[in-house]
Amino acid sequence: MEALFSCGLSYYKQPKVDVSKWQHASKYGSNEGFANIMWIHSRDKCKVGHANLSLEVVSMNMMATTKDIPIMVNDCSGKMGRAVAEAAVEAGLQLVPFCLTGPGFGGRVLNINNVEVHAHEASEKEEILDKVLDRYPDVIIADYTLPSAVNENAEFYSKRGVPFVMGTTGGDRNRLLKTVHDSGVYAVIAPQMGKQVVAFQAAMEIMAEQFPDAFKGYKLEVTESHQSSKVDTSGTARAVVASFNKLGLSFDAEQIKMVRDPEEQVTKMGVPEEHLKGHAFHTYSLSSADGLVTFQFQHNVCGRSIYAQGTVDAVLFLSNKIKESSEKKVYNMVDVLRGGSMR
Ligand SMILES: NC(=O)C1=CN([C@@H]2O[C@H](COP(=O)(O)OP(=O)(O)OC[C@H]3O[C@@H](n4cnc5c(N)ncnc54)[C@H](OP(=O)(O)O)[C@@H]3O)[C@@H](O)[C@H]2O)C=CC1
Ligand SMILES: O=C(O)C1=N[C@H](C(=O)O)C[C@H](O)C1
């Protein structure tokens with residue numbers, strides 16, 4: 001059995017390393033942050049200079065390098081789509097030079113870190129995906145479109161058997177999950193890709209699971225502020241509210257207060273002016289019935305970098321699950337975080 005190990009030192013620079021027991025040893029210019037990736041027997045030890053490193057198996061299967069993973073980003077002309085496409089190129093993934101875009105905007109060519117991406121309208125989606133699958137059979141799609149497109153897009157990817165990461169929020173989430181489970185396609189679906197916010201979400205889920213009704217009788221107020229172009233209520237806030245419900249708080253997601261007015265965002269929410277076009281400020285305030293005890297949880301994100309990075313992590317995670325032929329096929333970002341896949 002061969003196993004994949006990562007090692008922070010290059011054996012090429014360490015002539016004392018005994019590689020005689022290694023079945024294969026190869027060096028890649030890796031983009032995963034590993035200095036080297038080497039194939040060795042699982043029982044072996046890596047002796048580097050004066051240090052004896054017992055290496056831990058990180059995967060019993062062949063792990064692809066990032067450049068082997070083609071990613072198609074729909075829609076590269078959207079704010080998140082562009083951020084994800086740029087992060088993917090920076091991480092060394094192979095950006096597919098086609099994307100699906102909204103009505104009226106087909107025919108454009110977008111330059112993403114020197115990759116020319118041709119945008120096509122949904123009416124051409126079948127032919128475009130034929131072309132993509134022909135050239136990039138291992139493609140993984142990242143979807144950042146609009147709540148109105150979520151279900152149709154997921155049904156399309158599922159029908160064509162293409163694995164995908166669904167970062168788009170809104171739409172009919174139950175229908176989305178049913179579509180994916182019924183089709184047997186691999187997918188990561190999450191309204192929130194930012195590692196630290198995902199960790200917060202996981203902490204709330206754990207608290208709710210271990211201490212159900214701990215906040216029974218408390219009052220909850222939820223406020224979320226986003227760029228004025230955001231059409232839906234925050235999917236993250238909705239997910240966190242579900243944990244608060246299990247903690248005993250009676251609160252309907254429709255009660256979430258959406259702030260989309262730039263003036264209010266600057267004066268009341270403290271959003272820096274330079275981030276009015278890209279921010280996500282969430283505040284969850286809890287108070288006891290008599291008002292004597294209060295709690296407040298807050299996560300304020302400026303820009304889109306943490307979501308773009310998290311999406312790349314999700315693509316790498318999904319690629320490994322596919323290579324392992326994992327029985328579980330549908331994941332969320334808490335699974336990705338738990339899997340140790342977030343950089
Ligand atoms: N999971 C996460 O961590 C995050 C999720 N999001 C979510 O991502 C989504 C996109 O956000 P954002 O990038 O800011 O929005 P944008 O409006 O900037 O981008 C959406 C893009 O999708 C295009 N589009 C619309 N319909 C289709 C379709 N059927 N097929 C392909 N493309 C289509 C739009 O085109 P047109 O302009 O022509 O309509 C637009 O270019 C939202 O749901 C948001 O909540 C955002 C940040 C983080
Ligand atoms: O539209 C956004 O910008 C964001 N959408 C996600 C959500 O709806 O929760 C995640 C983050 O808030 C940014």
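Order of appearance sets the numbers: ligands from 1, and atoms from 1 within every ligand. Since the model is a prediction, treat every value here as computed from it, not as a measurement.
Among D75, D143, T168, the one residue that satisfies the side chain to side chain donor-acceptor pair (under 3.5 Å) test with N153 is D143. Remark: of the listed residues Y157, F164, F98, Y157 is the sole one forming a side-chain contact (heavy atoms from CB on, under 4.5 Å) with N74. Tested against R175 for a side-chain contact (heavy atoms from CB on, under 4.5 Å), the candidates V150, N151, V180 yield a single pass: N151.
Open room surrounds CD on E116; 12 or fewer heavy atoms of other groups in view lie less than 6.0 Å from it.
At least one heavy atom of S77 sits closer than 4.0 Å to an atom of ligand 1. Proximity of T168 to ligand 1 is established by a heavy-atom distance of less than 4.0 Å.
Distance from atom 19 (O) of ligand 1 to its nearest protein heavy atom, with residue and atom name: G78 CA, 3.4 Å. The shortest contact between atom 14 (O) of ligand 1 and any protein heavy atom is with K79 CE, 3.6 Å. Ranking protein heavy atoms by distance to atom 6 (N) of ligand 1, first place goes to G167 O, 3.8 Å. Remark: minimum distance from atom 33 (C) of ligand 1 to any protein heavy atom is reached at G102 N, 3.6 Å. Summary of contacts: the protein heavy atom closest to atom 13 (O) of ligand 1 is M80 N, 2.7 Å.
Between V84 and Y307 the shortest side-chain heavy-atom distance does not fall below 4.5 Å. Using a 4.5 Å heavy-atom cutoff, the side chains of K79 and S229 are in contact. When side chains are defined from C-beta on, N332 does not count as touching I189, because their heavy atoms never get closer than 4.5 Å.
Those atoms of ligand 1 that come under 4.0 Å of a heavy atom in F105, given as number and element, are 38 (O). Heavy-atom contacts of Q192 reach the following atoms of ligand 1: 1 (N), 2 (C), 3 (O) (cutoff under 4.0 Å). The A190 neighbourhood of ligand 1 comprises atoms 1 (N), with distances under 4.0 Å to a heavy atom of that residue.
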Can you pull every nitrogen or oxygen pair between ligand 2 and the protein closer than 3.5 angstrom?
from	atom 1	to	atom 2	distance (Å)
ligand 2	1 (O)	K230	NZ	3.1
ligand 2	3 (O)	Q227	NE2	2.8
ligand 2	5 (N)	K230	NZ	3.4
ligand 2	8 (O)	K230	NZ	2.8
ligand 2	8 (O)	G235	N	2.8
ligand 2	9 (O)	S234	OG	2.8
ligand 2	9 (O)	G235	N	3.2
ligand 2	9 (O)	T236	N	2.8
ligand 2	9 (O)	T236	OG1	2.5
ligand 2	12 (O)	H226	NE2	2.7

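Y144 and G81 make their closest contact through CB-N, 3.9 Å (heavy atoms, listed as atom of the first residue, atom of the second, distance). Shown here for V334 and A202, the closest heavy-atom pair between the two residues is CG1-CB, 3.9 Å.
A salt bridge is absent between E205 and K246: the closest approach of a Lys/Arg side-chain nitrogen to an acidic carboxylate oxygen does not fall below 4.0 angstrom. Using a cutoff of 4.0 Å between basic side-chain nitrogens and carboxylate oxygens, E155 and K178 are not scored as salt-bridged.
With hydrogens and angles disregarded, a donor-acceptor distance shorter than 3.5 Å links the side chain of R260 to the backbone of K230.
One option in D75, V84, T101 has a heavy atom closer to atom 30 (N) of ligand 1 than any other, and that option is T101. Here atom 25 (C) of ligand 1 lies nearest to L146 when heavy atoms of T311, L146, V150 are compared. Among P103, A308, P191, G310, the residue whose heavy atom lies nearest to atom 2 (C) of ligand 1 is P191. With D143, T236, T169 as candidates, the residue nearest to atom 44 (C) of ligand 1 on a non-hydrogen basis is T169. Summarising the contacts of atom 22 (O) of ligand 1 with V197, T145, V188, the nearest heavy atom is found in T145. With distances taken over non-hydrogen atoms, the option nearest atom 8 (O) of ligand 1 out of F156, Y307, Y144 is Y144.
Checked against a 6.0 Å centroid threshold, the rings of F244 and Y284 count as neighbours.
Proximity of K230 to ligand 1, defined as any heavy-atom pair under 4.0 Å, is confined to the side chain (atoms from C-beta onward).
Among the atoms of A149, none of the N or O lies under 3.5 angstrom from an N or O of ligand 1. Considering backbone and side-chain N/O of M193, one or more are found under 3.5 Å from N/O of ligand 1.
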From CA spacing to verdict: salt bridge (charged side-chain N to carboxylate O under 4.0 Å, His left out), K131, E127: CA-CA 6 Å; K131 206 188 271 191; E127 303 91 275; over 6 Å; no
Criterion salt bridge (charged side-chain N to carboxylate O under 4.0 Å, His left out) on K159 and E152, from CA distance to verdict: CA-CA 10 Å; K159 191 187 79 185; E152 209 177 301; over 6 Å; no
